[in-house]
Every structure is written in structure tokens, then in C-alpha cells.
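I have placed the structure first, in the form of C-alpha cells, so that the comments after it can refer back to it.
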2 protein chains.
Amino acid sequence: MTETTPALPDYLHLTEQHRELLDQVLDKWSLHVLAALCEEEPLRFNELRRAIPVVTQKSLTAALRRLERNGMVERCVTSTRPVAVEYRITPLGQSLQDLIDALLRWTTSTLPAVERARAHFDHA
Amino acid sequence: MTETTPALPDYLHLTEQHRELLDQVLDKWSLHVLAALCEEEPLRFNELRRAIPVVTQKSLTAALRRLERNGMVERCVTSTRPVAVEYRITPLGQSLQDLIDALLRWTTSTLPAVERARAHFDHA
DNA sequence: CCGGATCCTCATGGATACTG
DNA sequence: CAGTATCCATGAGGATCCGG
């Protein structure tokens, strides 16, 4: 009954499903969208566009669709003329937001050490 | 002195530096490398290759170089014939490992809800 | 105002072959 | 064994035009 390589509980096993979700939700523009919606909510499409530096509609639309599909943001259409579309964070998206906070805290605290490592590496 | 949009402490501001570091360190193969080195250490190049499903040398080499440059893994060359190269996690890499654990815990716990959201979205 | 549809390019990743 | 070099396919992302 002695296992040779237990080491890791199951939830730490990196499966394709885990990677796929992280990829869909932690990509470049998604991070910006979440950050923007965290500061102010709700935001309309063009407000988001202005809030995020140099994003194209295509990329922004794609990011919003991905986030919506994965249940991270909510898309509310008001059928006026012209239509108004508002984006909000869902509870699921809020839990992701907390994770991103942790990531940013980590980058902030380790960036100095990382830059030293880079300088040392690039020197050689 | 009342700020209109404080909301976020500075370390939660998503700068290009933060995004760059996360991109270099949380990419597909880096996650696998860290996971592999976490289970067993040290590992040689071809051992890593065998441990990681279907990675090519090119991708593995690139991932290892990036991780080494950012101070996450250590590369030790033993000048025998033929040469032996061993890879280890650094303390900095260990802190990253802890973060990845948190990410995987999050994906594990939210995956059911995410899949419901996907099903609902795809239904329409 | 909020996108969808197209076309294009350009970086990334895979496959293969070769080397110290 | 541990890579480097090369060629090539693929896909993300930008630019532009159009439609509800």
C-alpha cells in the first residue's frame, strides 16, 4: 500500500481541462477586462474599449465572448435604438478576480528578484 | 481628499511588466515543467521530455530557457562525456509552484460551474 | 452603438535533420 | 545526451468594411 509517487493530491494534477480553462480565462485581454470591470461596473462595449489600452474590437469581442461562455462575465442587452450592451462580473468571475489579485501580488513581490535573475542571465 | 476611484491598491494595477512576467511563466509548457519538477527533482532533459506528454525538444528547450532566465529553474551542467544536464526548481520557482497550486485548486473547484455555464451558452 | 465578416501578416509551434 | 538549425503549417491578432 506504500505509494511510490504520491507527492501530489489529485487537484494538483495538470490535466488538459485545467490548462484549457486557465488559457481561456487568464489570457492577455481577459486580464484587462476583469481589471477594468473590477474598478467600475457595469461597462458598455465602447467604454471597455476606451478603458483598455489599444485593444481592437475583434480581440475585445473575442475576450468578452470567451469570458461570457465560461460564466465569468454577464452580457445584458437593452433593446433600445440603438441597442445598449452592458457587461458585469458574475460571482464566478469574482472568484477569478480574487485569483488574479493573488497573481498580481505575486508578480509585484517577485519582480525585483526576477529582474536580477534576468540581468544575470542576459549578462552571459 | 476623497478619491473618486481608489478601489484598487497599486499592486493590483495590471501593468505591462506584470503581464509579461505572467505570460513567460504561466504558459502551457512551463506549467508542465513545474509540475514535473515538483513531483521529482532533479530531472535531466530527456527525463523531462518523457515526463511531459508530447512536448517537442524545441518547445521544451524554449520553456526551460525562459524559466531559467526568469530565475524559476536552475540548470546544472556536468561536463562528462556525454554531458549531463540537470534541472532543479529554485526558491523563486517554488513560490511560483505555490501559485500554480492555487490556480489548479481554483480550476478544480470551479470547473463544474464553468461547464454548466458553457453548456448554457452553447445551447443558445 | 455594437459588433459580424474578410483579408492579411506575422509570430509560434511542430516536424525533421544535424552536431558537440 | 542535449541541444541547434531549418522549413513549414497554423492560428492569433490587426485593419478595414459593412450591417442591425
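The structure presented is a predicted model; accordingly, all values stated were derived computationally and were not measured.
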Mind calculating the distance between CD (B/E86) and P (D/dA2) to the nearest angstrom? 9 Å
Output, in order, the C-alpha distance, side-chain angles, deciding distance and verdict of side chain to side chain contact (heavy atoms under 4.5 Å, CB included) for B/H18 and A/L111. CA-CA 8 Å; B/H18 292 147; A/L111 205 45; 4.2 Å; yes
Let me know, please, whether A/P82 or B/L64 comes out on the 5' side of the other along DNA chain D by nearest nucleotide. B/L64
Contact class for A/R49 vs. all strands (heavy atom < 4.0 Å): base, sugar-phosphate, or nothing? nothing
Could you tell me the separation between the CD atom of A/E47 and the C1' atom of C/dC2, rounded to a whole number of Å? 13 Å
Compare every heavy atom of B/L92 with every heavy atom of B/N70, then report the nearest pair and how far apart it is. O-CD2, 3.7 Å
Figure out the CG/C1' separation between A/L48 and C/dG3, and round it to whole Å. 13 Å
Determine yes or no for a side-chain-to-main-chain donor-acceptor pair under 3.5 angstrom, with B/E41 supplying the side chain and B/I89 the backbone. yes
C/dT12 P sits how many Å from B/Q24 CD, rounded? 11 Å
Is there a side-chain contact between B/R44 and the phosphate of D/dC1, meaning an N or O under 4.0 Å from OP1 or OP2? no
Roughly how far apart are B/Y87 OH and B/R44 CZ, rounded to 0.5 Å? 11.0 Å
So, is B/Y87 close to the D/dC1 phosphate, meaning a side-chain N or O under 4.0 Å from OP1 or OP2? no
Once you apply a heavy-atom cut-off of 4.0 Å, does A/R81 come out as touching a base, just sugar-phosphate, or nothing? nothing
Nearest whole Å is fine: how far is D/dG19 C1' from A/F45 CZ? 15 Å
What contact category does A/R65 fall into here, base, sugar-phosphate, or nothing, at under 4.0 angstrom with non-hydrogen atoms? sugar-phosphate
Could you check whether any side-chain N or O of A/T110 sits under 3.5 Å from a backbone N or O of A/W106, counting only pairs where one atom can act as donor and the other as acceptor? yes
Pairs under 3.5 Å (N/O, protein and nucleotides 11-17 of chain D):
| from | atom 1 | to | atom 2 | distance (Å) |
| --- | --- | --- | --- | --- |
| D/dG13 | N7 | A/K58 | NZ | 3.2 |
| D/dG13 | O6 | A/K58 | NZ | 3.3 |
| D/dG14 | OP2 | A/T56 | OG1 | 3.3 |
| D/dG14 | OP2 | A/S59 | OG | 2.6 |
| D/dG14 | O6 | A/K58 | NZ | 2.3 |

Compare side-chain N and O positions of A/R75 against OP1 and OP2 of C/dG3 and report whether any pair is under 4.0 Å apart. yes
